[in-house]
Structure formats: C-alpha cells, structure tokens
Number of protein chains: 2
Amino acid sequence: MITIKDVARHAGVSVSTVSYVLSGKRPISTATSQRVRRSIHELDFHPNAGARALASSRTNVLALVVPLRTDLNLPVIMQFVSSIVTAAREHDHDVLLLTKESGADEVHRVVASARADAVIVMDVEARDPRLPALRELDVPVVLVGVPADPAGLNSVDLDFTTSGARAVGHLVDLGHRSVGLIGSPPTVYERKTGYATRFLSGFTECARQRGVTVHVHPCAPSYTALSACLDDLLRQELAVTGLVVHNEAVLPDVVLELRRRDRRVPEDVSVIALCPDAIAATRPVPVTSITIPAEEVGTIAVEMLMQGLRGKQPSEVRLLAPHLTDRGSTVTAPRTADR
Amino acid sequence: MITIKDVARHAGVSVSTVSYVLSGKRPISTATSQRVRRSIHELDFHPNAGARALASSRTNVLALVVPLRTDLNLPVIMQFVSSIVTAAREHDHDVLLLTKESGADEVHRVVASARADAVIVMDVEARDPRLPALRELDVPVVLVGVPADPAGLNSVDLDFTTSGARAVGHLVDLGHRSVGLIGSPPTVYERKTGYATRFLSGFTECARQRGVTVHVHPCAPSYTALSACLDDLLRQELAVTGLVVHNEAVLPDVVLELRRRDRRVPEDVSVIALCPDAIAATRPVPVTSITIPAEEVGTIAVEMLMQGLRGKQPSEVRLLAPHLTDRGSTVTAPRTADR
DNA sequence: CCGCCAAATCGAAACGTTTCACCAGAAGGA
DNA sequence: TCCTTCTGGTGAAACGTTTCGATTTGGCGG
C-alpha cells in the first residue's frame, strides 16, 4: 500500500506539506504544490479513508435511507437516489445505503460509529416514527418529504398542496366543471403519507374555491382496481370530463382503459398527471403533467447537508414550486358535458 | 464521544480485553465478557469505524455498483439491491453505493482509498469495458450477470440459456407449434447484454431441436413499439399460438393489447413471461412465468464475497436453475392453430 | 548589517482501534 | 517441591492521516 509518506519522500517534502497540498488549508507555493501533485499522480496515491476519518473526524460519507420494498413509485425513487449520488460525488462525498425497513436504529448505529457524517431520509411520513430518533442525532439530517412537525430537521419536497391546486386549476381554466381524481393506493392515504394527503387537500380546496365538483378515488396498483375505479368515475351522472391521476403505477393503463371504454383522450376526457416527466412523455398519448422534480430535490438535499456540515444548522423546509408541462392530453371541455 | 477506553474503565478491564470481547478472537471468561458487554450497552458504545478500519485494514463495507439510469427493469434492480443490503447487514457489513455511469475509476478509487473491501457489480455486459479494471483490483469482486470471459472474477446469475429453452419447451409440451418472442428492447441486444442474448439463444436452439417455428421480435418499452410488435406477430399466416415475453416494461400492456385485438388469454394465445414473480402475479390475468430470482442472486453474491474475504478466491460462475410457475396463462394449443 | 515580518515548510502529537508479545497465576505431572 | 502448560488477561506498538505550534527562509526597512 502506498501512503502519504511515500508521496512525501518522492516529492522531497514533509508529510504535512503533502496533506496541506491535498486539503488546501494552508498556503503552499505553486512550485511545491505541483511537484507534490505529480508525485501523487505518478504513485497513484489515494489517501486512506479510515486514517483520514480518524484524524479529521470527517468521513466524507452521507448515509441515505431508501424505501426499497415499496414497489410503487420505483422510478421516482431511483431518480432521487441517482441525483443524490451524483450530487454527493460532486462534493467529494460517497453514499452509504440504508433501507427504510431497518428503521432508525441503523441510522443511529451508522452515525454513532462515525461511518457517515450526515443523513438523508427518503419517503418520510407525516408522523414518521423515526422522527424523534432522527432529531436526537447530532449530525445534519435532511428529510425528503415533509412531516407534520418538521421542527429541528431540514426537509425538502415538491409543494404538493400547490400542485393539487394547480392540476385542478388547469382543468377548470379549460372549462371542465366535473373532475375526477385517480389517487394513490388507499394504503398510502391510510398511513398518512404526507405528500398524498397534501396533494389531495390542495386539489379539493382549489375545486371548492372555483366551484367545481370533484370525485376522489384512491386506486390500488392493479388492473382490477383501476378498472373498478374507472367504472365508478365514468358513470354518466357524474359527467366527469377531466381526470387527474396521482398514481404512477396505473397511469400507463389509464389511457388504454379509457380507449377500451370508447372515451378518447383528450376529446372526451382530459387527463393530467402528477409524475416524472419520463413516464408522462412515453404514454400512447403523451400526458400533460406536473413533474416530480426528483433531480432537483436530490441536489437540494445534498446542498442542504453540505451547508449543515459547514456549520450552519438552519432547520428549514423547502417546498419546490410545481411545474406543469402541457403535452396535449388536456383540452377545452366538450360542449356536451352532460350528454 | 465515547471510546473503548471508557468502556474498559467502566468494566474494570484493559482496552485489549474489550476489543477481544467484541471480536471474539481470544477466549475471554464469561464473567468478564458479560461485564464488558453490560458496560458497552450501558454506555451505548459503538466502535469508531475509521479507527477500526485503520487498525485492522477491514472496513466492513461492500461497494455496490448499480445501473441507476436504466429505467427499464427497475423493479428487478431494486430487488437485487434490497436483498444485497439485507444480506450484507446479516454479515455485519454496510453497503456503499456507486453508479454504473461513473465507471470503473470510481470502483478503483473506493478500493484504493480503502473505503470498501469488496465489490459487487450489477448489470454486467458481455464485453463490459470495466472488466479489465475490475480484474486488476486485489479485493474480492462478484459480478451479477455473466460476461463473455468471466475468468478471474466471480459471477452469479440466472441461467438464461436454460430459461429460454424452458420457456419454449413449456409451450411445445402444450402442443404449440408456432411461438413468438417479445424480446427486450433492441438496444439491449445491441450492446450485447449477456442475459438477453443468452435467453434468446436458449430459446431458438430449443425451438430448433423440437422443430417448432419461432418469430423473434425485440420491443422498445413504449406503447407504439408494443403495438407494432403485436401487429407483426399476430399476422394470420404466422399462426402464433404461444407468446414468450422477456420484457418487464411492456408485459403489463401485452395482455391488455391482446384483448383489444380480440385474442383471449389463454384460450387463443398462451403467454409465458420471464420476470419477477411480483410482476407476473399482479397482471389482469396472472401470467405463467419463469422468475428472476433477485433475492437469491443477491444473497449468493454477498455470500461469495464473504468467502473471498475469508481468504478463498475461487473465481467461479454460478448459474441458477430457472423455476417456472404456472399461473394459468398457458394452456393446450387451440385445435384451429392454422385457422 | 541587523532585526523583524510574513510566507512556506516541517515535526510530532493526536485520533481510537487491533493485535502481538508478554505476564501472572492456577493446574497438572513427575 | 519444582517445572511445565495452560487460561485469562495486560501494555504498548502499530495503522495513515490531520493539524497545531514551531522553525526556517527571504525580503525589507532602518
């Protein structure tokens, strides 16, 4: 193994000088610096992470808690993870993977044993049982998803309330007076996952204000559930002309099933979804959507942690404004809404 | 921070004794051992990972290289990751996440800086450009997926060749004489991903031996591609009565689209898929399938690494026998096969 | 020519484990 | 009784960095 000592000898300087060249914490003359750098390169020196961590009490590792069992919105999760890893690398950090299933104890273990010096927790629920334990940690923590009481922790997420309002608003602007919501699976609402209920409240509140009737329908991620859901929403007497879909899993089937029922999109029914752009764009008919800005959320989460590691501990909540992309699946409501 | 010294003092023993209690590398009297354990527990002591790594040159961390950008078979990937993390924890190891996109350099960095002491690489292609670099590493490496030349490395995967044969064999046994394959996206074959071509060769070879005609059709993960694909495969003159689907992304739509074309499953067309059980079981009509044993592969991968860390370096290839579950979507071929 | 200052560099003490070599004391054999 | 052999335990030297304080150098004003 090749150590900093070897580099120092090779470059004809002291060990500490090499260290300072690497960290930039003391001024080093450009001549020396370059000589050292060349030695590092020639010897292919990589500082030992353990030794570094021991001496500096910094691991340059972020712990990331991911909900792996959830088979629901997997693409979204992956996008988060991907952007987090990339962002972390940009700040010279690595990512340690923990699963949500193993709970807060694992996070504590990882922090207590100084394996990571900051934590990102994904898929946080409104009254997440892990919250108290997370508050106890004396390292920076960022939650992806906003809990009921975010005090003492940082959180970042899409502004789902505004998104719900925005979705229904878009349809109302187009003249729709009766709007259906195909929601997330019932289980998601039951466990009070923050994002689903927030989207729902934004949705209903906006509808109320603008005087349109809404029909809310959670939907499990299966064909039969979707089928039943559509049967219900498409009943003549409801006269639904606009559909908001907040359910990545069934969105693919929604358009197909509407067709099978002789409802054309967008002529008969306008459809707007809340999902990653990648999904909305590849449907048979591209779907107008509000994007879930996974990329951005991930980057911001890492940014917040880096802030925290630099000493600031603001404990803020950052809600990202929704961004709507019209892909043509929403049009002016048909005249014969009550055919 | 609470160190091993504190524990030693609290338990009235020397530092080394505590260490030996923890590692079990020397016999310690049960009396002392229990006293030490109680102290550890009372003080909530967690050995500092950095110091540990430095002194023992073992990090107890596995690096895992994951293809995060691939939006294709995400559920499968997640299952792998999930089982790997779980298995790693069972062996008291943590998992460091690397992305495939960042290439072999990152793996080298992580190993050279002693951040991890073994590596799992997922989604390995037949002539993967990372292979040479991986062979250079002097730590245990396990590939998930078998490259053209697996020499010097360990690999584990489903036996795709046999799986292909098994799938077509199952249909032939039921009397089908003309079988279609809805394959993975064309890009997957182009980059010579091992598993797709191996499945294909097993498929065609078995069909040849048993004298049935086959119609192979790669299929991009989009509705239009699937539609075109089905149009082609369902042409009268081909008289296809059995369909093998090796494409998680479009499987959900296949049954729906068959229905739309007035082909019933399984009365008119038998369908068998290669995909995780979770996907096959939740289709409108549950689909007979050969499972992708992600759970098992992950566990085995970790097991092999642990072997390697214990000193053995066998460099073996482990192919898992396919397991077929009949869910009723495959039945005896209709009489009027050539209607 | 001297003394002083800043800039650049060096030396050595941490950091918290593991592990090797060593040491008491008890047990056992002669 | 004395020597050996265990068993259970200790002390201290690594491990490879970072970082603090000290030291050298060169330049400059007086």
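The model shown is predicted, which means the values in this text are computed figures rather than measured ones. Chain naming here is simple, since letters A, B, ... match the order of the sequence lines and numbering starts at 1 in each.
A:Ser16 comes within 4.0 angstrom of a nucleotide base, judged by non-hydrogen atoms across all strands. The residue A:Val15 sits close to a base: some heavy atom pair falls under 4.0 Å. Within the nucleic acid shown, B:Thr3 comes within 4.0 Å of sugar-phosphate atoms alone, with no base atom in reach, counting heavy atoms only.
For B:Asp117, the salt bridge (Lys or Arg N to Asp or Glu O under 4.0 Å) test picks out no residue, with sequence neighbours left out. With sequence neighbours excluded, the residues that form a side chain to side chain donor-acceptor pair (under 3.5 Å) with A:Ser39 are A:His10. Evaluation of the side-chain contact (heavy atoms from CB on, under 4.5 Å) rule for A:Arg135 yields A:Leu131, A:Asp149, A:Leu153 as partners, not counting sequence neighbours. A:Ser16 meets the side chain to side chain donor-acceptor pair (under 3.5 Å) test with A:Ser14; sequence neighbours excluded. Checked against side-chain contact (heavy atoms from CB on, under 4.5 Å), A:Gln307 has the following partners two or more places apart in sequence or in another chain: A:Arg310, A:Lys312. Not counting sequence neighbours, A:Ala55 has no partner by the side-chain contact (heavy atoms from CB on, under 4.5 Å) test. Take A:Ser83 and apply the side chain to side chain donor-acceptor pair (under 3.5 Å) test, not counting sequence neighbours, and it matches no residue.
Proximity of residues 50-59 of chain A to DNA chain C (heavy atom under 4.0 angstrom from any strand atom) is restricted to A:Leu54, A:Ala55. Of all the residues in residues 26-39 of chain B, B:Arg26, B:Pro27, B:Ile28, B:Ser29, B:Thr32 reach under 4.0 Å from DNA chain D with at least one non-hydrogen atom.
Both A:Ser14 and B:Met1 lie close to DNA chain C; mapped to their nearest nucleotides by heavy-atom distance, the more 5′-ward contact belongs to A:Ser14.
Contact annotation: the side chain of B:Ile40 approaches that of B:Leu22 to within less than 4.5 Å [non-hydrogen atoms, C-beta and beyond].
B:Ser155 and B:Val146 make their closest contact through CB-CG2, 4.2 Å (heavy atoms, listed as atom of the first residue, atom of the second, distance).
Residue A:Lys25 contributes atom NZ, which lies 12 Å from atom C1' of D:dC20 at whole-angstrom precision.
Taking 4.0 Å as the cutoff to heavy atoms of chain A, we find the contact window on DNA chain C bounded by C:dA8 to C:dG16.
Comparing the helix axis at one end of the helix from C:dC1-D:dG30 to C:dA30-D:dT1 with that at the other, each defined from 5 consecutive pairs, gives an inter-axis angle of 50° (nearest 10°).
Residue pairs meeting the side-chain hydrogen bond (donor to acceptor under 3.5 Å, both in side chains) criterion with at least one member in residues 104-114 of chain A, sequence neighbours excluded, are A:Glu106-A:Arg109, A:Glu106-B:Arg89, A:His108-B:Asp44, A:Arg109-B:Asp94.
Of the residues listed (B:Ile84, B:Leu62, B:Asn154), the one engaging B:Leu305 in a side chain to side chain contact (heavy atoms under 4.5 Å, CB included) is B:Leu62, and it is the only one.
A:Leu98 CG to A:Leu68 CG: the interatomic distance, rounded to the nearest 0.5 Å, is 10.0 Å.
Around NE2 of A:His323, the count of heavy atoms belonging to other residues, nucleotides or ligands within 6.0 Å does not exceed 12.
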